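In this text the structure is predicted, and so the values were computed from the model without any measurement. The chains referred to below are lettered A, B, ... by the order of the sequence lines, with proteins before strands, and numbering in each begins at 1.
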Amino acid sequence: MEQNYNHQKIEKKWQDKWEKDHVFKVDKNSQKEKKYVLDMFPYPSGAGLHVGHPEGYTATDIYSRYLRMNNYEVIHPMGWDAFGLPAENYAIKIGVHPKKSTAENIVNFTKQIKSLGFSYDWEREINTSDPSYYKWSQWFFLLLYKNNLAYQKKAPVNWCDSCQTVLANEQVVDGKCERCKNEVIKKDLKQWFFKVTEYADELLEGLDKLEWSHALKTMQKNWIGKSEGAEIKFQITNNKFQTNSLPTGQAGKFQIPNSKKIYFATGNKSKLERLKKLFKKIDPQIKIEQVPDYVDVEENGQDAWENSLKKTDPYQGKYDVPVLSMDTAVFFSNEDEVDPLAPKRSCLKGVDEKNLTQEEIAEKALEFYKNIAQKNGGEKEFYYEDFWTILYPNGEHQQIKNRRDYILTDQQAGDLDIYFPMKNLYYSKVSGKRFFENTAEDFFKEFECQANVLKELILPKIINPPTSEEALGIKVFTTRPDTLYGATYMVLAPEHQLVQELKISIENFSEVEKYIETTKKKSDLERTDLNKNKTGVELKGIKAINPVNGKELPVYISDYVLATYGTGAIMCVPAHDQRDFEFAQKFNLSIIDVVQSQRKTKVLIVHGFMATSKDDWFPWLKKELEKLNYEVLVPDLPDTKNPILKDWLKILESLVQDFAEDDIIIGHSMGAFAAQHLAQKIKINKLFLVAPVSEFMVDDQTRTESIKENFTKEQIEILRKFTDYQLNYQNIKSNVEKIYAYFSDDDPYTSDKQQKQLVEKLPGEYRVLKNKGHINISDSRVSVFELPEIISDIEEKIRATEAQGKMINSEEFDGMDSEKAQQKITKKAGGKLTTQYKLRDWLVSRQRYWGAPIPIIHCPKCGAVPVPEKDLPVLLPDDVQDFRPTGQPPLALSKEFNKNVQCPKCGGEAIREHDTMDGFVDNSWYYYRYLDSQNEKEFCAKDLIKKYMPVDTYVGGTEHAVGHLIYSRFFTKVLRDNGYLPADRSLGEGGDFDEPFLKLINQGLIMGTDGQKMSKSLGNVVNPDEVVEEYGADSFRMYEMFMGPLEDSKPWNIDGIKGLRRFLDKNWRYFSDINYGDESNNQVVSILHKTIKKVTEDIENFRFNTAISSLMVCLKILSSLNSPDKTLVDSYLIMLSAFAPHICEEIWQKLGNEGFICRQEWPKYDEKLIVEDKINLPIQINGKLRATLEIEVDISEDDLKKQILGLENVQRFIDGKEIVKFIYIKGKIVNIVTCLSADK
RNA sequence: GCUGAAGUGGCGGAAUUGGUAUACGCGACGGACUUAAAAUCCGUUGGAGGCAACUCUGUGUGGGUUCGAUUCCCACCUUCAGCACCA
């Protein structure tokens, strides 16, 4: 007898036989029902297979073999996900062309996979990097393009400036380039996208009908991230640049004539010169001249807008050239004496100027302004506003204004200018220079705002005056439109388009620009790492108008708002959004509550030693807080003259039982010590310690004297006992949101030292009050009846309340349920209800070599033109020597690829797209290709799709939860919408399928022996080859299945494999000297049928570990027979063959059977044969097992009761007690319930 | 922080309409076979107590429901995974 079997010989033998006989080839003409069982195909890495790969493959193999034996036609293919970055990186690393290294890796992988005896139909093998495959990947690109689902857009990508290249996310480490450690920035590059978002809703809803794990479904749900809310628009105003649409007969479009001439209505030569200079810079082609018949108009309007308009009046209808005019006003804040429209008059108030010379008048004016400066410490900020009007030949007007900022000094520079005395006293805030010091560059800087305004007025050929609907505005998306009245500011994403559009209106644009720059430099990591530390810049000069109440809100940019989500802008409600709250705190913005929680906030006040709730400031505080809508508890604590902490806590703990995270505890003196004890155990919002006694007090030598003076010895002893407990400050810190403590500078018991010790342990808000003693009326020196300081601290908002509730501060909506108010407030704001998704469009461009070229040609005349289908595939050129990323896509370097490229539309010279496609494009449709892998005309024939799709069972890791599995679903939906799926495609028992994978099973990771994820860098990768060599493929397969549930992650531990090998050896020996006979008994038959049932059900549910364990039990039972019945043993062997196919084929053959065991029929079980007639019945008394009894199954309850009560052990436990209940669950258990004692 | 999954012997793990907790395997210990070892076979193996029959205790922690809870409910702790300023 052979002790052990020779696995190396046997396994090779059967693998060859299976291949030679095409045992696993799908029969195309089969009439059997189909099952498509699919593994996620591997990327053939250079490292070869590791023990994690075969876990899923073994599971599907067992399942496939099981299905075949149950008369299904099983499609079970394998192939290679060969394109993509990992393959290319590996090739770069070893210095071999990826085509070559990939081919080698595939050879190695094939060998390894085949050594495990999987039942793949190898004739369907595919390779995504083969032109016959990627031709169809390119075809899919064109399909999407035709459907407007593929488009080009600028997108920010990771860019390393020193390497001159785009980096993949995994190549960016801590915001720095993996290779050169240079800081990585975001760069806008034109990229190709697939519009997955178009199908967002369908991808979400389709999940319901799939048999996927709950975890995976929620992962996809979160990724798609649907949220419902409202889109609301806020109008913008600004004080630096404002267009003033005048009422005209025909509001609409102004046409500027083609003549490039403009008249300027002014008598002031220097203003004209200045304007000429500015126009030269704006547009040299525009000529500006003084209006031919200049008329001096009296500036007697009510405001500068009116004055400016008046100046153009004389020229109404006179010229076919636009006429420009301007009036300037000067603004000093808090200087009421200066009239903005008539500054000269302001200087000469009360002066009789008739007898004065021009010089003297100028001197007076100069004095006047010097005075203003002096009054303000030598310098005073002020600004000019220029109000421009343009009169168009058609008689319509357009107005616009700008603002220039200056600083007035009391230091005169240069000679007195009698026409403009003030000129010598100020310098520009922009250039920092005085008028006569200006260089040409300074001049343009100083007057840039004027230039911008003029540009805005003149340059566009057509000007659209803002109408109420089209006016500039900030659109926001919010899920809480009910809180609109609480919006106190707005934030735009730094990348928001509006920021650039409002450039001329933003006073601090250079600061804004700087912030945008630093944001770009921040890596995603930094942006999220500094989660709580909000940054941002206000857009000065800009305000937004709240549409419901007309309030002006400041506008900021900040990187906590993402450009890619919603509208890239938000309204901020700091009272009810934590992020807004943090930002508002940092920038000192107001916080308005608009939703009130339904629950009153609770406050517990704990009094101190020898005090009561009636004493001191407690009644006052209770009254004040109740006015403010708090629920206040001030318990009287027992034995206040001889308090025991434990007794106090017992009462206090019951009081705070229903305290929530919003509630507050206040403790005074010794009560503060008790309060700290409470805070160790429950989560609360605020903890107030007033003149707190802490564990430090007893040891405070600076207070020994005064304590002795005020307390008797007994009292000090009580105090010591009370505080003799260690506090867990760590717990208090994590339980309490904010801690406040009050000390008094003349407290006889608590000192600075205690305060310092406490603040070290419990950081928070610490205040030292003046002359409040121990903040206690029983203090002999000071009486304290009120403590007003505490109210504002209690009221202080320290975090946003995001819950729904009742509306307040919201005008007519007050009192309404906030959820109901959402729709109504949205309506009032003129917004609309919308839905947003987190899902982004799929970026498919890669500036890399090893991928399918994007089939697009760029023509200078026709733009992006798709390559015609007949020209596919666009071959990946072989003549790229250096395929390392160099900043330019490697395909740009190929001569072959760029030779004779013609535009398919116009035939002109054109350029090929140089980017390749993301590898996920290739593997989004590979399961179709398996069905028709040789087809040269279609990606897959329609009748084969109808016959074999969808995939019935798909097995793979979770790592593809949101990539591959979403994209594949997306591709299938696109195929459906383009008629590529057969019309009457079936889904299980009828109905249409538009989901590729009906059932999905995620195998867990197999980790290294160290419990960490297997990776080359950790050196914990286990290669199956050695294991297979030593123990055999069958042992290996069984062991991987036996390790635990397929879905769990588990560390690899080779020790256990011995048990499985032992089991197979046992089988070998058992069958080596088996003598068939007719022996069988009820017990053995029952066990066998039980095993068939168990194994069948376990395989159906992918619970292979328990299936194997019942096979082990079954063998043990079979071994008890000397000459077993052949059918019994055969049934067992057939089941085992799904798990350990090689050895079972060999045994099958050695036993003289015909054909392959893998082609036998799966055994059936008979429910009747499983039922045993005798069972061991457990007997409990009061729920505890006291005895077992072997009974006939159909024994009557009365008989049973008699038998049980006769049992010795049962007697012992019942012993005179009354039997209250006798519970018998047929065939399962008996429980006897008795009274506790005999007397009752 | 949010979402999801999970916590059971020395280890991998089993046990679901609530009904004998630790199946099966590994390891360990004892024994048989052997000159010896390996292999193989047999036995023991959650903890505490007891000569023993047996008793108490025990499925992350604390409560609850129930005749009976690893399983159901509530609160908490820990671990793993995914997402992460998503308005």
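Put simply, CD1 on A:Ile1181 is 16 Å from P on B:U20, counting in whole angstrom units. To the nearest angstrom, P of B:A81 lies 16 Å from NZ of A:Lys1050. As rounded to whole Å, 13 Å separates atom C1' of B:G82 from atom CG of A:Leu1005. With rounding to whole Å, A:Met1007 atom CE is found 13 Å from B:A6 atom C1'.
Salt bridge absent: A:Arg1103 and A:Glu1097 never bring a charged side-chain N and a carboxylate O closer than 4.0 Å.
A cation-pi arrangement is absent between A:Lys1201 and A:Tyr1224 under the rule of less than 6.0 angstrom and at most 45 degrees off the ring axis.
Taking only side-chain nitrogens and oxygens, A:Arg1061 never comes nearer than 4.0 Å to OP1 or OP2 of B:C26.
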* Checking side chain to side chain donor-acceptor pair (under 3.5 Å) for the pair A:Arg840/A:Thr564: CA distance, chi angles, key distance, verdict? -> CA-CA 8 Å; A:Arg840 312 271 153 87; A:Thr564 44; 3.1 Å; yes

* What do the steps show when you test A:Lys1050 against A:Asp1048 for salt bridge (Lys or Arg N to Asp or Glu O under 4.0 Å), and what is the final call? -> CA-CA 6 Å; A:Lys1050 51 233 151 192; A:Asp1048 290 5; over 6 Å; no

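Using a 30° and 60° split on the angle between ring planes, A:Trp1068 and A:Tyr5 fall in the tilted class, from 30° to 60°.
Distance from the side chain of A:Met219 is smallest to B:G82 among B:U55, B:G82, B:G13. Picking from B:C56, B:A87, B:C41 the nucleotide with the shortest atom distance to the side chain of A:Lys1066 gives B:C41. Ranking B:G12, B:U17, B:A87 by closeness to the A:Lys1228 side chain, first place goes to B:U17. Among B:A5, B:A14, B:U20, the nucleotide with an atom closest to any side-chain atom of A:Thr1188 is B:U20. Residue A:Thr1106 places its side chain closer to B:A14 than to any other of B:A87, B:G25, B:A14.
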* Under 3.5 Å for both distances, Watson-Crick or G-U wobble, that's the pair rule; now give the dot-bracket for RNA chain B, with | marking pairs to another strand and [ ] for crossing ones. => (((((((..(((......[....)))((((((.......))))))((((....))))..(((((..]....))))))))))))....

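Nucleic acid contact class of A:Asn1176 (heavy atoms, under 4.0 Å, all strands): base. Nucleic acid contact class of A:Pro1051 (heavy atoms, under 4.0 Å, all strands): none. Among the heavy atoms of the strands lying under 4.0 Å from A:Arg840 is at least one base atom, whether or not backbone atoms are also near. Across all strands shown, A:Asp580 has no heavy atoms under 4.0 Å from either base or sugar-phosphate atoms. A:Lys1184 comes within 4.0 angstrom of sugar-phosphate atoms only, judged by non-hydrogen atoms across all strands, and of no base. At a threshold of 4.0 angstrom between heavy atoms, the contacts of A:Ser227 are confined to the sugar-phosphate backbone, with no base atom among them. When heavy atoms are screened at a 4.0 angstrom cut-off, A:Phe1213 is found touching the sugar-phosphate backbone but no base atom.
Within 3.5 Å, no donor on the side chain of A:Lys838 pairs with an acceptor on the base of B:C83, nor the reverse.
Just one of A:Leu1200, A:Val1210, A:Ile1223, A:Ile1225 meets the side chain to side chain contact (heavy atoms under 4.5 Å, CB included) condition when paired with A:Val1230; it is A:Leu1200.
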Please write out the pairs of protein N or O atoms and N or O atoms of nucleotides 66-72 of chain B separated by less than 3.5 Å, giving the distance to one decimal.
| residue | atom | partner | partner atom | Å |
| --- | --- | --- | --- | --- |
| B:C67 | O2' | A:Asn1231 | ND2 | 3.3 |
| B:C67 | O2 | A:Asn1231 | ND2 | 2.5 |

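Heavy-atom distances under 4.0 Å link RNA chain B to A:Tyr565, A:Ile570 of residues 565-575 of chain A, given in residue order.
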